[in-house]
Amino acid sequence: MRPAKRYWLFKSEPNKWSWDMQKARGPKGTFWDGVRNHVAKKNLMTMKLGDQGFFYHSNEGKEIVGVVEVIREAYPDPTAEAGDPWVVVDIKAVRPLLRPVTLAQVRADGRLDNMALIKAVRLSVQPVTKAEWQIISELGGLR
DNA sequence: GCCAACGTTGGC
DNA sequence: GCCAACGTTGGC
């Protein structure tokens, strides 16, 4: 049996790598580089083909703007020094949220208090539970 | 192996 | 620009 699909959240500063840039890559997607934290790395290693994630704009915007999908599982980060342990996955843009979900909304919701977005502020690649995924999808106008 | 100092992230 | 949270480094 195929393992249940998992959900994630990818943080990016939009002035470095924005949703629009991700979308412009089309179905080919791109590798998600720059992760230099062991917890985030562990999350990357756990990802399977077809897992979905939210695309979050940190710093400017502070909102979840889109949905991405994992199209290649973890492999060595091409931007890391040889011998470094860091990995990337490939992701592609799937669709934008009809209405971006802001950090303020997530905080105010009450059902999302345990999200890593709030609990682990600095973690750049985070797990999202199925329940959280559904709530945010609704807030974002996706169902 | 502990912990103080320091650097980085990211919200405000 | 400030600072809280947290990770990493290095002295002991």
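Protein chains get the first letters and strands the later ones, always in sequence-line order, with residue 1 at the start of each.
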remark   = Joining Ile, Leu, Val, Met, Phe, Trp and Tyr whenever any side-chain heavy atoms lie under 4.5 Å apart, the cluster holding A:Leu142 also takes in A:Tyr7, A:Leu9, A:Phe54, A:Tyr56, A:Ile64, A:Val67, A:Val94, A:Leu97, A:Leu98, A:Val101, A:Leu103, A:Val106, A:Leu112, A:Met115, A:Leu117, A:Ile118, A:Val128, A:Trp133, A:Ile135, A:Ile136, A:Leu139

request  = Could you pull out the closest heavy-atom pair between A:Gly53 and A:Phe10, with the gap in Å?
outcome  = CA-CE1, 4.1 Å

ask   = Do A:His57 and A:Trp17 have their ring centres less than 6.0 Å from each other?
value = no

inquiry  = Walk along nucleotides 6-12 of chain B from 5' to 3' and tag each nucleotide B, S or - by protein heavy-atom contact under 4.0 Å, base first, then sugar-phosphate.
reply    = -BBBSBS

request  = Report the C-alpha separation of A:Glu69 and A:Ile91 in whole Å, then their side-chain angles, then the decisive distance to 0.1 Å, and conclude whether the side chain to side chain contact (heavy atoms under 4.5 Å, CB included) test is met.
outcome  = CA-CA 5 Å; A:Glu69 183 178 321; A:Ile91 62 172; over 6 Å; no

query = Does a side-chain N-to-carboxylate-O contact under 4.0 Å join A:Lys48 and A:Asp51?
reply = no

request  = Using a 4.5 Å cut-off on heavy atoms from C-beta on, say whether the side chain of A:Met47 contacts that of A:Val125.
outcome  = yes

remark   = To the nearest 10 degrees, the angle between the two end axes of the helix from B:dG1-C:dC12 to B:dC12-C:dG1 (five pairs per end) comes to 10°

key: NZ/NE/NH1/NH2 to OD/OE distance under 4.0 Å, A:Arg36 and A:Asp77   = yes

